[in-house]
Amino acid sequence: MPNRWRLEASAWLALAALLALLVPLFLCMPLTVDVAFYDLCGRHVLRAGALERDVLLLQLPGMPWALAGVRALLGKSAGAVRATDLAVVAGVVALLLLWLRAAGVGRAGRAWLALPLFALYLTTTEWCHAQPDTWMLLPALAALHLRRRQVEDATRDAASRTVFGRGVLEGLCWGAGCLIKPYVVVPGALAWLAAAALAGRAPDGRRRLARSAAGVLAGGLLVGAVWLGALAVTGGWAVYWHNWSTFSREFYSMAPPVASRARDVFFRLAPWGLLHVPALLIASASLIRAARGRAAGDAALPLLGAFYLGWFVQAVLLQGQFPYHVLPAALLALALIAAWSGATRRRWVPAALVGFGVVAVAVQPSCQPARLALWGRCWREGGSAELKNRLTLDGAYHFAPDWVELEDVAAYLRSQEVGDGEVIGYNLSTTHLLTLLDVEPPGRFLYPSTMSNIFRSHRATIARELRASAARFAVTDLRESGADPPGWPYSEPVVFRAGRYAVHRVGGE
């Protein structure tokens, strides 16, 4: 017992050291243009704007609503979003560790497994942070815990008085995940099939499943009703569905071929993606066991296996394989391997996973000595523009901003006393200007340059709406557009220049 206590205590000390090293760097990193988009949508909600009517938003509003809540409670700083993101990830890790306890992993093993779970997230690029895929994992895991409890109660023939009520709570959790991204339906459905196989043969199992399913459906419909009601109240009902029918085909046609997406699941977050090889084998075996009706103490492993496999499938078949698409699947793969070790009493597996995590972290660009040396500056400077440039891990993308030059542009525009609707951030990286200035965009098309490339059949509409807006300035990024781009707004007179950014006066002034 003393040895186990020392082993567990050393794990928590190691985790504290890891967090002390990586969290300051994490909190000072820049946010990506995706987060800027959701943030602008959230700010519009706080200003009583009709989100779906005023912004071209094809996604469901869960992420904008969440960021609106962050802004209302914690303020407008980038640090507030990053702190919330860290809290979400901590919640995900906590739920995974609770699952490992149910799977038979001991206290010391769970403590040590917290290290690779946190390390995986904290060493990724900013493109993975504060993204919908990780945030929807939190309510989905909460729903999965409730589903496991229902299965265990059924197999133990426990009292069924709370079956419907727990089902409603579970449905609310699945609904919350769907409101962020509907793809969570796939892992949820597979987990439900596994649960039905586990609990359906128990005494009174089918009746319990029916009552539970009714509760889940009621909870999910309640979340859907909240969204549809918000659409009706804000006047966005007809506009949203019109936008969906008009723009969605071109938007979703951008996804790469399935073979490319399957490859990216394994290699996008190298070497963490290698965990999918054993995880897929474990998940397949767990589904076979669920199909045979193996219940009792075996519920934790097949349920997590089904959930992981569903997440892997939706990541490959339904999404575009950006790093944030595959990150939750990697977290689940790690947890599933650990759960298998608990169910099969292979006590060496947690140590192997921790060792793998150490190697994986050592090769990450985020953990190179030159970057770790910025730790002290994070405490002194916070998220300064120059420090953001040094901390960025997303420089391979053309839309990673130069934050120093962008701050110079923001200072110039402040001197011009710009207000809502008066600044067009034409290219992707210039979208951050709207959050820096805390102003509303001049129309429904955020980052118009990219939208013009995605929605090619609507280029004329985008240009016409922008030119008819009340905008006084358009800011372009010559790194993204090239040295001598043609057409509007590049043809408008340049009144200020900061490195790669040009401020054009528009609107006939």
Point to revise | Side chain R459, main chain S452, donor-acceptor under 3.5 Å | key: yes

Practice item. Would you mind reporting whether T32 and Y324 have side-chain heavy atoms less than 4.5 Å apart? Key: no

Practice item. Without swapping roles, check the side chain of S366 against the backbone of T123 for a donor-acceptor pair under 3.5 Å. Key: yes

Review point. Is there a donor-acceptor contact under 3.5 Å from the side chain of R467 to the main chain of W488?
Key: no

Review point. Is a donor on one side and an acceptor on the other found under 3.5 Å between the side chain of Q364 and the backbone of A270?
Key: yes

Check your understanding: Are the side chains of F37 and L434 in touch, meaning some heavy atoms are under 4.5 Å apart?
Key -> no

Revision key, fill the gap. In this structure, CG of L169 is separated from CH2 of W174 (nearest 0.5 Å) by 12.5 Å

Exercise for review: Identify the heavy atoms of L144 and A191 that sit nearest to each other, and give their distance.
Suggested key: CD1-CB, 3.6 Å

What donor-acceptor contacts under 3.5 angstrom involve side-chain atoms of residues 50-64, with partners at least two apart or in another chain?
from	atom 1	to	atom 2	distance (Å)
D54	OD2	H44	NE2	2.7
D54	OD2	A50	N	3.2

Point to revise | Chi angles and distances behind the side-chain hydrogen bond (donor to acceptor under 3.5 Å, both in side chains) call for E492, H504 | key: CA-CA 6 Å; E492 299 298 297; H504 306 260; over 6 Å; no

**Study point:** Contact check, side chains of L15 and W112, non-hydrogen atoms, under 4.5 Å
**Key:** no

Check your understanding: How about T431 and L40: do any of their side-chain heavy atoms sit closer than 4.5 Å?
Key -> yes

Practice item. State plainly whether the residues R479 and D402 are in salt-bridge range, i.e. N to O under 4.0 Å. Key: no

Review point. For L86, which residues count as a side-chain contact (heavy atoms from CB on, under 4.5 Å) partner, sequence neighbours excluded?
Key: V23, F26, L122

Study note, to complete from the structure: The ring-ring contact (aromatic ring centres under 6.0 Å, His included) partners of Y501 (sequence neighbours excluded) come to none

Check your understanding: Given T435 and D39, is the side-chain hydrogen bond (donor to acceptor under 3.5 Å, both in side chains) satisfied, shown in steps?
Key -> CA-CA 8 Å; T435 59; D39 194 12; 5.3 Å; no

Check your understanding: Nearest heavy-atom pair of V418 and V439: which atoms, and what distance?
Key -> O-CG1, 4.3 Å

Review point. Excluding sequence neighbours, so at least two apart, what forms ring-ring contact (aromatic ring centres under 6.0 Å, His included) with W99?
Key: H145

Check your understanding: In Å and rounded to the nearest 0.5 Å, what is the CH2 to CG distance from W348 to L353?
Key -> 8.5 Å

Check your understanding: Side chains of Y38 and P132: does their closest heavy-atom pair fall under 4.5 Å?
Key -> yes

Point to revise | Nearest-0.5 Å distance that lies between atom CG in L269 and atom NE2 in H325 | key: 12.0 Å

Practice item. Decide side chain to side chain contact (heavy atoms under 4.5 Å, CB included) for Y183 and W311; before the verdict, give the C-alpha distance in whole Å, the side-chain angles of both, and the deciding distance to 0.1 Å. Key: CA-CA 8 Å; Y183 304 133; W311 206 288; over 6 Å; no

Review point. Can you name the salt bridge (charged side-chain N to carboxylate O under 4.0 Å, His left out) partners of E407, sequence neighbours left out?
Key: none

Check your understanding: Does R371 CZ have over 12 foreign heavy atoms under 6.0 Å away?
Key -> yes

Point to revise | Heavy atoms of other groups near R107 CZ, more than 12 under 6.0 Å | key: no

Study note, to complete from the structure: Sorted by chain and number, sequence neighbours left out, side-chain contact (heavy atoms from CB on, under 4.5 Å) with A339 holds for L100, A103, L301, L304

Check your understanding: Any side-chain heavy-atom pair from V184 and P139 closer than 4.5 angstrom?
Key -> no

Review point. W375 side chain to A20 main-chain N or O, any donor-acceptor pair under 3.5 Å?
Key: yes

Check your understanding: Taking all atoms of both residues into account, what is the closest heavy-atom pair of I424 and P448, and its distance?
Key -> CG2-CG, 4.1 Å

Revision key, fill the gap. Heavy-atom closest pair (L146 atom, C173 atom, distance to 0.1 Å) is CD1-SG, 4.3 Å

Point to revise | Which atom of V92 lies closest to which atom of L138, heavy atoms considered | key: N-CD1, 3.7 Å

Point to revise | Validation row: L433, L406 side chains within 4.5 angstrom (heavy atoms) | key: yes

Practice item. With sequence neighbours excluded, tell me which residues meet side-chain contact (heavy atoms from CB on, under 4.5 Å) with P365. Key: L393

Review point. Rounded to the nearest 0.5 Å, how far does CG of L437 lie from CZ of R414?
Key: 5.5 Å

Check your understanding: Which is it for L179 and M136 under the side chain to side chain contact (heavy atoms under 4.5 Å, CB included) test, yes or no, and what are the steps along the way?
Key -> CA-CA 8 Å; L179 203 60; M136 72 179 178; over 6 Å; no

Review point. Do L413 and V475 have side chains that get closer than 4.5 Å, going by heavy atoms?
Key: yes

Check your understanding: Sequence neighbours excluded, which residues qualify as ring-ring contact (aromatic ring centres under 6.0 Å, His included) partners of W403?
Key -> H432

Check your understanding: Should L387 and C378 be marked as a side chain to side chain contact (heavy atoms under 4.5 Å, CB included) after you check the CA-CA gap, both sets of side-chain angles, and the distance that decides it?
Key -> CA-CA 8 Å; L387 190 56; C378 292; 4.1 Å; yes

Practice item. Could you list all the side-chain hydrogen bond (donor to acceptor under 3.5 Å, both in side chains) pairs where at least one residue sits in residues 74-98, not counting sequence neighbours? Key: K76-D438, R82-H129, D85-Y121, D85-W135

Solution key, residues 326-334 side-chain donor-acceptor pairs under 3.5 Å, sequence neighbours excluded:
none

Check your understanding: So, the side chain of E405 versus the backbone of R500: is there a donor-acceptor pair under 3.5 Å, distance only?
Key -> yes

Exercise for review: To the nearest 0.5 Å, tell me how far L336 CG sits from Y308 OH.
Suggested key: 7.5 Å

Exercise for review: For N427 and E480, indicate whether the former's side chain and the latter's backbone hold a donor-acceptor pair under 3.5 Å.
Suggested key: no

Point to revise | L74 versus A80, closest heavy-atom pair with distance | key: CB-CB, 3.8 Å

**Study point:** For D133, salt bridge (charged side-chain N to carboxylate O under 4.0 Å, His left out) partners two or more places apart
**Key:** K181

Point to revise | Pairs involving residues 109-123, ordered by first then second residue, that meet salt bridge (Lys or Arg N to Asp or Glu O under 4.0 Å) (sequence neighbours left out) | key: none

Exercise for review: Could you give me the CA-CA distance, side-chain angles and deciding distance for L117 and L97, then say whether side chain to side chain contact (heavy atoms under 4.5 Å, CB included) is met?
Suggested key: CA-CA 10 Å; L117 287 169; L97 294 180; 4.1 Å; yes

Check your understanding: Could you give the distance from CD1 (I454) to CZ (F445), rounded to the nearest 0.5 Å?
Key -> 11.5 Å

